[in-house]
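The model shown is predicted, which means the values in this text are computed figures rather than measured ones. In what follows, residues are counted from 1 in the order of the sequence shown.
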Amino acid sequence: MSEGRRLVVMRHAKAEAVAASDHARRLSHRGERDAAEAGRWARSAGVLPDHAFVSTAARTRETWSAFREAAALELEPEVDSGLYAAGPESALVLLRSAPSDAFTVMIVGHNPTMAQLVHLLDDGGADPEAFAGLATGFPTSAVAVLQVEGDWVDLGPGSARITAFR
């Protein structure tokens, strides 16, 4: 695969176990720390988004905030209410709406959707080390980076390659 666009898929960081509703669950102290660590990793790895989609849940918005601050980004995300309950196909539809001039798009959502999305998009040629990391699951604060060929509007099953996993 030649150098193409990049997709950064992140599961929200560790959240408190109980809140008034699942949607209202906020990050734990560990979650705040882990999300910030992921942001620092993204900066050092050179995978900073120029467009981001974030679920409306408190824990995903807080994950984005901690990630963004640690990565020294000034990017405002597109907060999407449908992403909270989305399955992988719905998340894929959302990603296809990314601006055509975006080079690196990030999505911050929930499991099992984020893990399923990565596997749906994988073309079978994943970096062996990154794929081995995915074999252990997709824990909170996990980040997968995929190389995408073509335009966002054409993103589909098997159209990306996993290049990194943290």
Side-chain angles (χ1 to χ4, degrees), residues 1-15 31 34-55 57 59-60 63-64 66-68 70-73 75 77-80 82-166:
M1 261 186 170
S2 62
E3 184 67 23
R5 299 171 193 266
R6 288 181 304 216
L7 174 62
V8 179
V9 179
M10 183 174 188
R11 180 180 177 192
H12 65 77
K14 185 76 174 169
D34 291 351
E37 189 177 299
R40 287 188 289 278
W41 173 83
R43 176 155 287 287
S44 70
V47 290
L48 298 176
D50 48 15
H51 189 81
F53 295 104
V54 177
S55 162
R59 61 192 178 275
T60 50
T63 297
W64 168 256
F67 177 95
R68 181 181 75 174
L73 288 171
L75 178 65
E78 185 174 330
V79 180
D80 186 89
L83 190 51
Y84 174 70
E89 293 80 12
S90 296
L92 185 56
V93 169
L94 180 63
L95 288 169
R96 288 181 185 135
S97 73
S100 60
D101 61 348
F103 177 73
T104 301
V105 171
M106 183 169 184
I107 187 168
V108 182
H110 309 270
N111 247 15
T113 299
M114 294 300 99
Q116 292 169 344
L117 177 65
V118 170
H119 287 289
L120 176 69
L121 292 171
D122 179 34
D123 69 356
D127 173 272
E129 188 175 318
F131 194 76
L134 275 167
T136 63
F138 208 86
T140 55
S141 298
V143 179
V145 180
L146 296 94
Q147 184 177 324
V148 176
E149 293 299 316
D151 295 326
W152 295 113
V153 71
D154 298 323
L155 191 63
S159 66
R161 179 164 296 164
I162 304 164
T163 59
F165 180 76
R166 182 207 165 280

Smallest separation among heavy atoms of Tyr84 and Ala57, with atom names: CD1-CB, 3.8 Å
Taking side chain as C-beta onward, heavy atoms only, is His51 less than 4.5 Å from Trp152? no
Indicate yes or no: at least one non-hydrogen side-chain atom of Val54 is less than 4.5 angstrom from one of Leu83. no
Nearest 0.5 Å please: distance from the CZ atom of Arg11 over to the CG atom of Asp34. 11.5 Å
Taking Asp127 for its side chain and Ile162 for its backbone only, find out whether a donor-acceptor pair lies under 3.5 Å. no
Answer yes or no: is there a donor N or O on one side and an acceptor on the other, between the side chain of Asp80 and the main chain of Phe53, under 3.5 Å? no
Measure from the side-chain N and O atoms of Thr63 to the backbone N and O of Ala13, and report whether any donor-acceptor pair falls under 3.5 Å. yes
Tell me if a side-chain donor or acceptor on Asp151 pairs with a main-chain N or O of Val153 at a distance below 3.5 Å. no
Return yes if some donor-acceptor pair links the side-chain N/O of Thr60 with the main-chain N/O of His12 below 3.5 Å, else return no. no
Residues Asp122, Leu134; criterion side chain to side chain contact (heavy atoms under 4.5 Å, CB included); working and verdict: CA-CA 12 Å; Asp122 179 34; Leu134 275 167; over 6 Å; no
Does any non-hydrogen side-chain atom of Glu37 lie less than 4.5 Å from one of Arg166? yes
Looking at CG of Leu155 and CZ of Arg5, how far apart are the two atoms once the value is rounded to the nearest 0.5 Å? 10.0 Å
If you compare all heavy atoms of Ala91 against all heavy atoms of Ala86, which two are closest, and at what distance to 0.1 Å? N-CB, 4.2 Å
Do Val148 and Val105 make a side-chain contact, defined as non-hydrogen atoms from C-beta onward lying under 4.5 Å apart? no
So which atom in His110 and which in Ser55 form the shortest heavy-atom distance, rounded to 0.1 Å? NE2-OG, 2.9 Å
4.5 Å side-chain heavy-atom contact, Val143 and Trp41: yes
Shortest non-hydrogen contact between Thr113 and Pro88, atoms and distance: CG2-N, 3.7 Å
With a 4.5 Å limit on heavy-atom distance, are the side chains of Leu75 and Trp64 in contact? yes
Do the side chains of Pro49 and Leu73 get nearer than 4.5 Å, heavy atoms only? yes
Any donor-acceptor pair under 3.5 Å linking the side chain of Arg43 with the backbone of Ala70? no
Can you name the closest pair of heavy atoms from Asn111 and Ala115 and give their distance? OD1-N, 3.1 Å
Please give me the minimum heavy-atom distance between Thr104 and Arg6, naming the atom from each residue. OG1-NH2, 2.8 Å
Donor-acceptor pair, side chain of Arg161 and main chain of Gln147, under 3.5 angstrom: no
Evaluate the side chain to side chain contact (heavy atoms under 4.5 Å, CB included) criterion for residues Leu92 and Leu121: first the C-alpha distance (whole Å), next the side-chain angles of each, then the deciding distance (0.1 Å), finally the verdict. CA-CA 9 Å; Leu92 185 56; Leu121 292 171; 3.7 Å; yes
Assign the ring pair Phe138 / Phe165 to parallel, tilted or perpendicular, where the plane angle (0 to 90°) is split at 30° and 60°. tilted
Report the C-alpha separation of Val118 and Leu146 in whole Å, then their side-chain angles, then the decisive distance to 0.1 Å, and conclude whether the side chain to side chain contact (heavy atoms under 4.5 Å, CB included) test is met. CA-CA 8 Å; Val118 170; Leu146 296 94; 4.3 Å; yes
